[in-house]
Asker: 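I have a structure I would like to understand better, so I am pasting it below and will then ask my questions one at a time.
Letters A, B, ... are given to chains in the order of the sequence lines, protein chains preceding strands, and every chain is numbered from 1.
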There are 2 protein chains.
Amino acid sequence: MSHRLGGRPAPSTTATSDYPRVLDDGRVEFGVHAPAAGRVRVRPGGASDSALGATPIELVRTADGTWRAGTNPLPPGFYYYWLEIDGVTVNDPGSSTCFGHERCVSMLEVPGPSAQTDYYAEADVPHGEVRRKLHCFTDGLWRRTFVYTPPGYDDDQHRRYPTLYLQHGVGEDESCWSTQGRADLILDNLIAAGAAEPMIVVMADGYADPSLRRVYLTAAWTRELVDRFERQLLTDVLPYVDRHFRTAPQPAHRAIAGLSMGARQSLDIGLANLDTFGWIGSFSAPPLGPIDPAISFRGALAHPAGVDRRLHLLWLGAGSAETRFVRRMNDLGRRLQEIGIAHEAYLVPDGMHEWQTWRACLAQFAQRIFRPPATG
Amino acid sequence: MSHRLGGRPAPSTTATSDYPRVLDDGRVEFGVHAPAAGRVRVRPGGASDSALGATPIELVRTADGTWRAGTNPLPPGFYYYWLEIDGVTVNDPGSSTCFGHERCVSMLEVPGPSAQTDYYAEADVPHGEVRRKLHCFTDGLWRRTFVYTPPGYDDDQHRRYPTLYLQHGVGEDESCWSTQGRADLILDNLIAAGAAEPMIVVMADGYADPSLRRVYLTAAWTRELVDRFERQLLTDVLPYVDRHFRTAPQPAHRAIAGLSMGARQSLDIGLANLDTFGWIGSFSAPPLGPIDPAISFRGALAHPAGVDRRLHLLWLGAGSAETRFVRRMNDLGRRLQEIGIAHEAYLVPDGMHEWQTWRACLAQFAQRIFRPPATG
């Protein structure tokens, strides 16, 4: 009755655990020892269109009290999930956790062919650093901000760097881009290949008020979320970063981008502050209803010629498989074209509303900012 | 039948959760919504002498399906724990996790009177950084090392700093001293008060071979653990740090210290490498049997006069309430005195074998290194 373990533990599985494991064909096998439990399921933690699915996966009890289940082959990338044990949703004791969905959540990293995953892999190239900075904001709260500094940052004290402000999604925090997103590895690899300018990347908490984490997705909440973060970014984060890092503090050397909720913040805040940000990236911006230049983005599009002249790049990305978000991106793109604001659009092949899409968006966007457009 | 919530969520409770919460008198109330579960317990994750106890705490089901239980008043500090739901040990969905016990584990931070906790609190003082460095070791594995740089490190490019190598305990990793241990805050506060020299603190993975995480506490394992980490520290970590940071690379400016398993490593490696480390700190070193200068610490004490002359400080600390560890410390202290090696000993009042003791040890030890002894 013994079960021969196939494949190998996922990169996200802790060193002392056998599960989750990834088989050679990309199937993932979950497992947990729970002899006294009556029902164990895997609850996928992604959006409804995640490749891991949205439906709980029933685990089956084996003779020794271990519950197990396998998936279909999964595309490489990052997945959130939980175990549900007798109705309680908890983390998998055998896997690493990260912050998402407003709590600590199990992470699953599925490896894949190097052509698809090398761009975010550890490689023998110079590596930058992720620095955890602690500072007290004007609201009196202590916050962490994570700041990526590129390789060589410490070597030339006279060199100044462009800065990308990079925002997380709903229910996430300042740690996510350097954990789920592998932003540091993506930048290290692009910079080593000469495909991106060496840059500073600032990853801040997008919830200016922690109480906004408790309410969700109403129109009033979205307004608060954008307005309060805009104030915090301009009053607290940005001056702090310019004071503590060798930034080039002009709009031509400052970008703002984000995923999903962070894309909404980046569009609204970026377009309303072109004297601060010269480059804007939107990764899977959420659907927001019809676009009216007089009202949308707080009226920032009302004078399109000025926007077009001042903005170096407006970049829209999404995963080709996240239908609602692609529709939103296409609507926005069409409207921008009508009113005369140039933009670029990019679809991540087969990308869903999950981190693998945003890794790919970051890799594309980072190659396009702080340098003249490619010719040809 | 509704339960009025007392106190407030612990600092370690996630923003969207009501539990765990801390009442005004230091009692902690655990809670989890698990209507379908048959039995829910809190499993303390500390040593047997933790103030949270070693015995599971039974939670009681209330009418709405929430299980709850309170503790006796707890001393301020850090506690590991899990929930056990129908026999499966999992993290508390309402609390933050950190790495310990070879996995992700729930953390509980109990606040307390400022006289006891201010030294590791966020305060309006200049703050250093914790930098996550990624590098490939000679064994071909990629590792993270966390490096604390003191406030002002980036300002004066000609200044070199002393370096403390600070090791975690069994089942822990390179992230623990800056999460559970609050090493960065402790140093920030001491440096601001002029009570410690500005220093670099290197927090590396003490398991040179990940497979050592699976076996445990045999004599052969301990030898491997010390020997292999010694090689990795001297071959990989230390040259890397001296290359990437403005260290003062002489033994007079290098210290090694650690807690429990890390104390064992610090004593063995420090005493055997006095041409590298001039200051050694042992926080709650584990019991190791009788001390024979010819054999113990790999014979490093066989020539005590040379050791005493070269070593700037041998510092032994433990919590007064962790009896076995105090006995070990006193035995070692007596033996050192007999053979003529000076040392200092310090007992943390009421300290148990847990992080609050090691925070206090670090705060004491950091004031004693890289400067002449206090007079008086």
Side-chain angles (χ1 to χ4, degrees), chain A residues 14-17 32-40 65 82-83 85-99 101-106 122-124 127-136 142 146-147 149 154 157 171 173 178 184-185 188 207 210-211 213-214 244-246, chain B residues 14-17 32-40 65 82-83 85-99 101-106 122-124 127-136 142 146-147 149 154 157 171 173 178 184-185 188 207 210-211 213-214 244-246:
Chain A
T14 48
T16 50
S17 179
V32 64
H33 189 70
R39 187 184 196 184
V40 179
W82 293 278
L83 294 183
I85 299 174
D86 291 344
V88 193
T89 300
V90 293
N91 297 326
D92 182 346
S95 200
S96 303
T97 62
C98 57
F99 192 83
H101 295 273
E102 305 297 357
R103 55 202 273 197
C104 292
V105 47
S106 297
E122 292 99 348
D124 187 15
H127 289 276
E129 302 179 337
V130 176
R131 304 183 183 196
R132 189 177 80 192
K133 304 285 289 185
L134 185 72
H135 47 135
C136 188
W142 287 90
F146 288 89
V147 179
T149 54
D154 280 344
Q157 292 299 315
D173 75 6
S178 62
D184 50 327
L185 292 165
D188 288 342
Y207 289 95
S211 74
R213 293 192 174 273
R214 289 208 172 219
H244 285 86
F245 293 90
R246 295 195 316 280
Chain B
T14 49
T16 50
S17 178
V32 64
H33 188 70
R39 187 184 196 184
V40 180
W82 292 279
L83 294 183
I85 298 174
D86 291 344
V88 193
T89 300
V90 294
N91 297 327
D92 183 345
S95 200
S96 303
T97 62
C98 57
F99 193 82
H101 296 272
E102 304 298 356
R103 56 202 273 195
C104 292
V105 48
S106 296
E122 292 99 347
D124 187 16
H127 289 276
E129 302 179 338
V130 176
R131 304 183 183 197
R132 189 177 80 193
K133 304 286 288 186
L134 185 72
H135 47 136
C136 188
W142 287 90
F146 288 89
V147 179
T149 53
D154 280 344
Q157 292 299 316
D173 74 6
S178 61
D184 49 328
L185 291 165
D188 288 343
Y207 288 94
S211 75
R213 292 191 175 273
R214 289 209 171 220
H244 286 85
F245 292 90
R246 296 194 316 280

Asker: At a heavy-atom separation under 4.5 Å, does B/F245 approach chain A through its side chain, its backbone, both, or neither?
Answerer: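 Side chain only.
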Asker: Chain A heavy atoms under 4.5 Å from B/S211: which part of the residue, side chain, backbone, both or neither?
Answerer: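 No part of B/S211 comes within 4.5 Å of chain A.
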Asker: Relative to chain A, which of B/V88, B/T14, B/L83 shows the most heavy atom pairs under 4.5 Å?
Answerer: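 The candidate making the most pairs under 4.5 Å is B/V88.
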Asker: Is it the backbone or the side chain of B/T89 that comes under 4.5 Å from a heavy atom of chain A, or both, or neither?
Answerer: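 Only the backbone of B/T89 comes within 4.5 Å of chain A.
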Asker: Just give me the residue among B/E129, B/H127, B/R131 that pairs up with chain A most often, heavy atom to heavy atom, under 4.5 Å.
Answerer: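 Greatest number of close heavy-atom pairs with chain A: B/R131.
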Asker: Does the pair B/W82 and B/V90 meet the rule for a side chain to side chain contact (heavy atoms under 4.5 Å, CB included), with working shown?
Answerer: CA-CA 6 Å; B/W82 292 279; B/V90 294; over 6 Å; no
Asker: Within the structure provided, determine whether B/C104 and B/N91 are in side-chain contact (heavy-atom separation under 4.5 Å).
Answerer: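 Side chain of B/C104 against side chain of B/N91, heavy atoms only: contact under 4.5 Å found.
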Asker: Specify which of A/R39, A/E122, A/H244, A/R103 makes the most heavy-atom pairs with chain B at under 4.5 Å.
Answerer: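 Ranked by heavy-atom pairs under 4.5 Å with chain B, first place is A/E122.
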Asker: If you look at every heavy atom in B/A37 and B/D86, which pair is closest and at what distance?
Answerer: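 Shortest heavy-atom contact: CA-OD2, 3.7 Å.
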Asker: Tell me, side chain or backbone of B/V147 under 4.5 Å from chain A's heavy atoms, or both, or neither?
Answerer: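 Nothing of B/V147, per the 4.5 Å heavy-atom cut-off to chain A.
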Asker: Between A/V40 and chain B, with a heavy-atom cut-off of 4.5 Å, which part of the residue counts as in contact: side chain, backbone, both or neither?
Answerer: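 Contact with chain B involves no heavy atom of A/V40 at all.
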Asker: Can you list everything that forms a ring-ring contact (aromatic ring centres under 6.0 Å, His included) with B/H33? Sequence neighbours excluded, please.
Answerer: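 None.
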Asker: Can you name the nearest heavy-atom pair linking A/R213 to A/G171, along with the distance?
Answerer: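 Answer, listing the atom of A/R213 first, then A/G171: NH1-C, 4.0 Å.
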Asker: Could you grab the distance from atom CD1 of B/I85 to atom CD1 of A/I85, nearest 0.5 Å is fine?
Answerer: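 Here the rounded value is 6.5 Å.
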Asker: Output all residues satisfying salt bridge (charged side-chain N to carboxylate O under 4.0 Å, His left out) with A/D188, sequence neighbours left out; order by chain, then residue number.
Answerer: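 A/D188 satisfies salt bridge (charged side-chain N to carboxylate O under 4.0 Å, His left out) with no other residue.
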Asker: Relative to chain A, which of B/S106, B/S178, B/P35 shows the most heavy atom pairs under 4.5 Å?
Answerer: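 Most heavy-atom pairs within the cutoff with chain A belong to B/S178.
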Asker: Going by an N to O cut-off under 4.0 Å, is there a salt bridge joining A/D154 and B/R246?
Answerer: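 Salt bridge absent between A/D154 and B/R246.
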Asker: Using heavy-atom distances under 4.5 Å, tell me whether A/Q157 contacts chain B through its side chain, its backbone, both, or neither.
Answerer: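 For A/Q157, the side chain is the part near chain B, not the backbone.
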Asker: Pick one of side chain, backbone, both or neither for A/T149, based on which atoms fall under 4.5 Å of a heavy atom in chain B.
Answerer: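 When you check distances to chain B, no heavy atom of A/T149 falls under 4.5 Å.
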Asker: In terms of heavy-atom proximity below 4.5 Å to chain B, should A/D92 be classed as side chain, backbone, both, or neither?
Answerer: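 Neither the backbone nor the side chain of A/D92 comes within 4.5 Å of chain B.
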Asker: Between A/V105 and A/T97, is a side chain to side chain contact (heavy atoms under 4.5 Å, CB included) present by the stated rule, with each step listed?
Answerer: CA-CA 5 Å; A/V105 47; A/T97 62; over 6 Å; no
Asker: For the interface with chain A, which of B/G38, B/A34, B/A123, B/S96 has the highest count of heavy-atom pairs at distances below 4.5 Å?
Answerer: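 Ranked by contacts with chain A, first place is B/A123.
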Asker: For A/S95, is it the side chain, the backbone, both or neither that has a heavy atom under 4.5 Å from a heavy atom of chain B?
Answerer: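 Just the backbone, heavy atoms under 4.5 Å.
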